[in-house]
Amino acid sequence: MNTSKKTISIVVPAYNEEEGLREFHRRTSAVLDGMPMTGEIVYVNDGSTDSTWEVMKDIHTEDSRTVIVDLSRNYGKEVALTAGLDYAQGDLVVPIDADLQDPPELIPDLVNKWREGYNVVYARRISRDGETWVKKITARAFYRLMQGIGGKVNIPSNVGDFRLIDRKALNALKQLREQHRFMKGLFALIGFRQVALDYHRDPRFAGRTKWNYWKLWNFSLEGVTSFTIAPLKISTYVGLLTAVFAFIYGLHIFTKALLFGDPVPGFPSLMVMIALLGGIQLTVLGIIGEYLGRVFNETKNRPLYFVQDIISDTEKKSLE
Ligand code: UDP
Ligand code: MG
């Protein structure tokens, strides 16, 4: 197969990565130099508050293979990555983090694997150096849960956004314009021939991760609610079970009152029942609310992002 005419795009979302971006570019461009195909690196500045955009402009003056995109504000990694994927021109596209946690040196291996006839080659972490055990355990629990309730869409565990996707898969992915973008899920949803490649995940090169547990919790919620309505179904059964229980308990109280009269005790059990039912109802309402909120967000059908600036040598685009 002649693959030397294929082009590759490396897509890098970056938010406040001024410290590590040059080192990232040095390593990634070195990888690109050593590959038998031409390529570009698409940097997306996700509304950084530090000098990331200036660093990107410097990098662009030094290396014309780069395309730099400046988003109008911080949109979050998922949207920044989507923007990068939209502007990528290559036949093969590799989303990668700017913090060097995904080793760019792995890209040629991803390409080799792709040559075997796959559409998507995802990099699977076999170690999580530099991450706390709490994060490791919560990550594992999350993947377990997703595997259990994800249904037909099998979201592989220990896989980030670092992967290689070919045009065919990318075109499919680009059609998924939902606001709530759980990328791992979307990558899995499109299907095609997918295969894993194992690698060691390094600690961040510089700066700090923007994740905290509250964000991780919300991320998991996003994953669950955008891929399954299982919580809604579970709510139905919890409701049904409670109703059956209430009916039986009601019969019990009724016969007891018939047989022994009703001397009005039972305040504690009354309070327990009220609290229990109130709790269940509010929880179920909350679950419905989570879905309703997402329906609300999707119906507005807003564009996913706005672009402040694009600098590219191949295609002079200016967006006013
Ligand atoms: N990122 C982004 N927008 C954000 C947060 C992060 O574009 O709002 C980028 C960040 O610069 C990095 C990648 O997404 O290139 C992964 O972020 P991070 O390292 O914080 O996440 P983790 O590796 O802990 O999953
Ligand atoms: Mg990281």
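Order of listing sets the numbers, starting from 1, for every ligand and every atom in it.
Tyr305 and Asp46 share no donor-acceptor pair across their side chains, judged by distance under 3.5 Å alone.
We find that Asp63 and Arg65 are joined by a salt bridge, their nearest charged nitrogen and carboxylate oxygen being less than 4.0 Å apart. With respect to the salt-bridge test (charged N to carboxylate O, under 4.0 angstrom), the residues Arg294 and Glu290 qualify.
When only interatomic distances are considered, the shortest N/O to N/O separation between Ala80 and ligand 1 does not fall below 3.5 Å.
Listed by number with element, the atoms of ligand 1 under 4.0 Å from a non-hydrogen atom of Pro13 are 7 (O), 9 (C), 10 (C), 11 (O), 12 (C), 15 (O). Per-residue contacts place Asp97 under 4.0 angstrom from the following atoms of ligand 1 (heavy atoms of the residue considered): 13 (C), 15 (O), 16 (C), 23 (O). Proximity to Asp99 (heavy-atom distance under 4.0 Å) selects the following atoms of ligand 1: 18 (P), 19 (O), 23 (O).
With the Mg ion (ligand 2) as the vertex, OE1 of Gln101 and OD2 of Asp99 span 100° to the nearest 10°.
Look at Asp97 and the Mg ion (ligand 2): no N/O/S atom of the residue is under 2.8 Å from the metal.
Contacts of Val44 with ligand 1, taken as heavy-atom pairs under 4.0 Å, are absent altogether.
Judged as a salt bridge (Lys or Arg N to Asp or Glu O under 4.0 Å), and not counting sequence neighbours, Asp70 has no contacts. Remark: Arg177 engages Asp86 in a salt bridge (Lys or Arg N to Asp or Glu O under 4.0 Å) (not counting sequence neighbours).
In summary, the aromatic rings of Phe192 and Tyr118 are positioned with their centroids too far apart to meet the 6.0 Å limit.
Considering Gln101, Glu17, Glu78 only, the shortest heavy-atom separation from atom 12 (C) of ligand 1 involves Glu17.
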